[in-house]
2 protein chains.
Amino acid sequence: MASPTPSANAFTQHDHAHCADTTLHKAEAVAAEKGVRLTPVRKRALEILLEEHRAMGAYEVLDRLAADGFGNQPPVAYRALEFLVENGLAHRVRRLNAFAACMRPGEEHAPVFLICRDCGEVAEAGADEVRQALLGAADRLGFHVERATVEALGLCPKCYQEAAQ
Amino acid sequence: MASPTPSANAFTQHDHAHCADTTLHKAEAVAAEKGVRLTPVRKRALEILLEEHRAMGAYEVLDRLAADGFGNQPPVAYRALEFLVENGLAHRVRRLNAFAACMRPGEEHAPVFLICRDCGEVAEAGADEVRQALLGAADRLGFHVERATVEALGLCPKCYQEAAQ
DNA sequence: GCAGAAATGTGATAAGGTAACATATCCGTG
DNA sequence: CACGGATATGTTACCTTATCACATTTCTGC
């Protein structure tokens, strides 16, 4: 699989600097509202994810944090990332052993990740129907869902077209 | 999280020996039909998963394989497990870094895993609506889904009741 | 039987993740 | 403001999970 380009999300071009900026502000608001502390490492970790605009491994984030003067041991990255995930500011993409900034912090949503196996691009899609269906299926078995992971592997529009040629 | 009991699936009691046996036969039929080889290691790996009837780590499966006279290096287990997953005879449970035998080999299905965070039990639920919803959401973005991972973490009926007390 | 493909065995090592503990910082309370 | 508990950070060490590379064997079609 090729290295993911940081140039698109949901498979559409857009202004990164802008969306990263507004998302960071939303994240700060969420943290304030929840009464949790978006400390320097945590904020920087989120910024890194937002800047890169792609799924990043914990060690990759760690390298960036270390370069910025923070600790260079794994727990530094894992703790910051865990905090972000716990508070809905980032997501964990299990299939990639990676993390990505949440594009809708604060909004209640069931993140669905669409991962292109060709270009590596990861898109976060909103999909309430998926969540509803999952809750329904679980409910029929008496299972009480707390968190859900929904990830699809396949081809993004661009790579699908290219593959068809 | 407590160690998962091998005594239930889909949170209901049933006859293991029987279901393991019939599932193994179905798996053999699937392999024959597909023209792929269910070699000794692969078959044994599947048997192990069926016998234990729970999600098992690759190294745990490896230990069992080694005890049965197969190689004792990681690739032995990973290759066998990969084969099983590729051919729909087992599933990978990403949240647990584990593998579980498929209970419906041959049937086209979207496996949904319900993982109890208390007792560790893992149930494979059929949930076509989930798959449909996911395909629909992906389609709206022009994404072409090939494989999907759907996993829910929460409480099984038993642990939910116990927690409520 | 033979050649190519598929599968296995093995050693080595990369990548991902956590436990434990010391130190520092924050923050409410007296 | 000082103090004490809770929270957060830094660091060491280590464990688990997963893959690469390459030699050897086994299968399969011809």
Side-chain angles (χ1 to χ4, degrees), chain A residues 1 3-4 31-32 34-46 48-49 55-87 89-100 117 120 149 151 153, chain B residues 1 3-4 31-32 34-46 48-49 55-87 89-100 117 120 149 151 153:
Chain A
M1 188 159 69
S3 175
K34 286 183 138 190
V36 295
R37 295 162 55 196
L38 190 58
T39 60
V41 221
R42 293 168 176 176
K43 183 174 174 183
R44 187 70 195 112
L46 179 55
I48 289 168
L49 291 179
M56 298 178 78
Y59 280 71
E60 205 177 348
V61 172
L62 177 59
D63 286 346
R64 301 279 303 266
L65 289 174
D68 290 346
F70 295 101
N72 66 340
Q73 297 303 309
V76 170
Y78 281 101
R79 285 197 286 236
L81 292 168
E82 184 187 13
F83 170 87
L84 296 175
V85 171
E86 281 303 310
N87 292 283
L89 303 178
H91 298 295
R92 189 162 191 161
V93 185
R94 303 210 89 108
R95 190 176 283 264
L96 303 176
N97 290 326
F99 299 82
R117 70 166 158 79
T149 302
E151 299 175 4
L153 187 72
Chain B
M1 185 159 70
S3 174
K34 286 183 137 186
V36 295
R37 295 162 54 198
L38 191 58
T39 60
V41 220
R42 293 168 176 175
K43 183 173 173 185
R44 187 70 197 113
L46 179 55
I48 290 166
L49 291 178
M56 297 177 77
Y59 279 73
E60 204 177 348
V61 173
L62 177 59
D63 286 346
R64 300 279 303 265
L65 289 174
D68 290 346
F70 296 100
N72 66 340
Q73 297 301 312
V76 170
Y78 280 101
R79 284 195 288 234
L81 292 167
E82 186 187 11
F83 169 87
L84 296 175
V85 171
E86 280 303 312
N87 291 283
L89 304 178
H91 298 294
R92 190 165 190 158
V93 185
R94 303 212 85 111
R95 189 176 285 263
L96 303 177
N97 291 325
F99 298 82
R117 69 165 158 78
T149 300
E151 299 174 3
L153 187 72

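Numbers restart at 1 for each chain; the letters A, B, ... are given by sequence-line order, proteins then strands.
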Any N or O donor-acceptor pair linking the side chain of A:R79 to the base of D:dG10 at under 3.5 Å?
yes

Distance, rounded to the nearest Å, where B:N87 contributes CG and C:dA7 contributes C1'
14 Å

Let's test your reading of the model: under 3.5 Å, does the base of C:dA14 pair with the side chain of A:Y59 as donor and acceptor?
no

Sidechain-backbone polar pair: A:R44 side chain, A:L65 backbone, donor-acceptor under 3.5 Å:
no

Please give the angle, rounded to 10 degrees, between the axes at the start and the end of the helix from C:dG1-D:dC30 to C:dG30-D:dC1, where five pairs define each axis.
40°

Contact between B:D68 and B:V41 at the side-chain level, heavy atoms closer than 4.5 Å - yes or no?
no

When we call it a touch if two heavy atoms are under 4.0 Å apart, what does A:R92 touch: a base, just sugar-phosphate, or nothing?
sugar-phosphate

Using a 4.0 Å heavy-atom cut-off across all strands, classify A:R94 as base, sugar-phosphate, or nothing.
nothing

Looking only at side-chain N and O atoms, does A:N97 come under 4.0 Å of OP1 or OP2 in C:dG17?
yes

Which nucleotide sits closest to the side chain of A:P75: D:dT11, D:dA8, D:dG10?
D:dT11

Tell me the interatomic distance from A:Q73, atom CD, to C:dG16, atom C1', rounded to whole angstroms.
14 Å

Counting the atoms with a prime plus P, OP1 and OP2 as sugar-phosphate, which does B:V76 contact under 4.0 Å by heavy atoms, base, sugar-phosphate, or nothing?
base

Which comes earlier along DNA chain C counting from the 5' end, the contact point of B:P74 or that of B:P40, where each point is its nearest nucleotide?
B:P40

Does A:E60 reach the main-chain N or O of A:G57 with its side chain, forming a donor-acceptor pair under 3.5 Å?
yes

Please report the closest heavy-atom contact between A:V61 and A:I48, naming both atoms and the distance.
O-CD1, 4.2 Å

Rounded to whole Å, CZ of B:R42 lies from C1' of C:dA6 at a distance of 8 Å

Picking from D:dT28, C:dC27, C:dG9, which would you name as closest to the side chain of B:F70?
C:dG9

Please confirm whether the backbone N or O of B:R94 pairs with a side-chain atom of B:E151, one donor and one acceptor, at under 3.5 Å?
yes

Flag, side chain of A:E86 to backbone of A:F83, donor-acceptor distance under 3.5 Å:
no

When you measure from the side chain of A:R95 to the backbone N and O of A:L153, does any donor-acceptor pair fall under 3.5 Å?
no

Take the protein atom CG of A:N72 and the nucleotide atom P of D:dT9, then report the distance between them rounded to whole Å.
15 Å

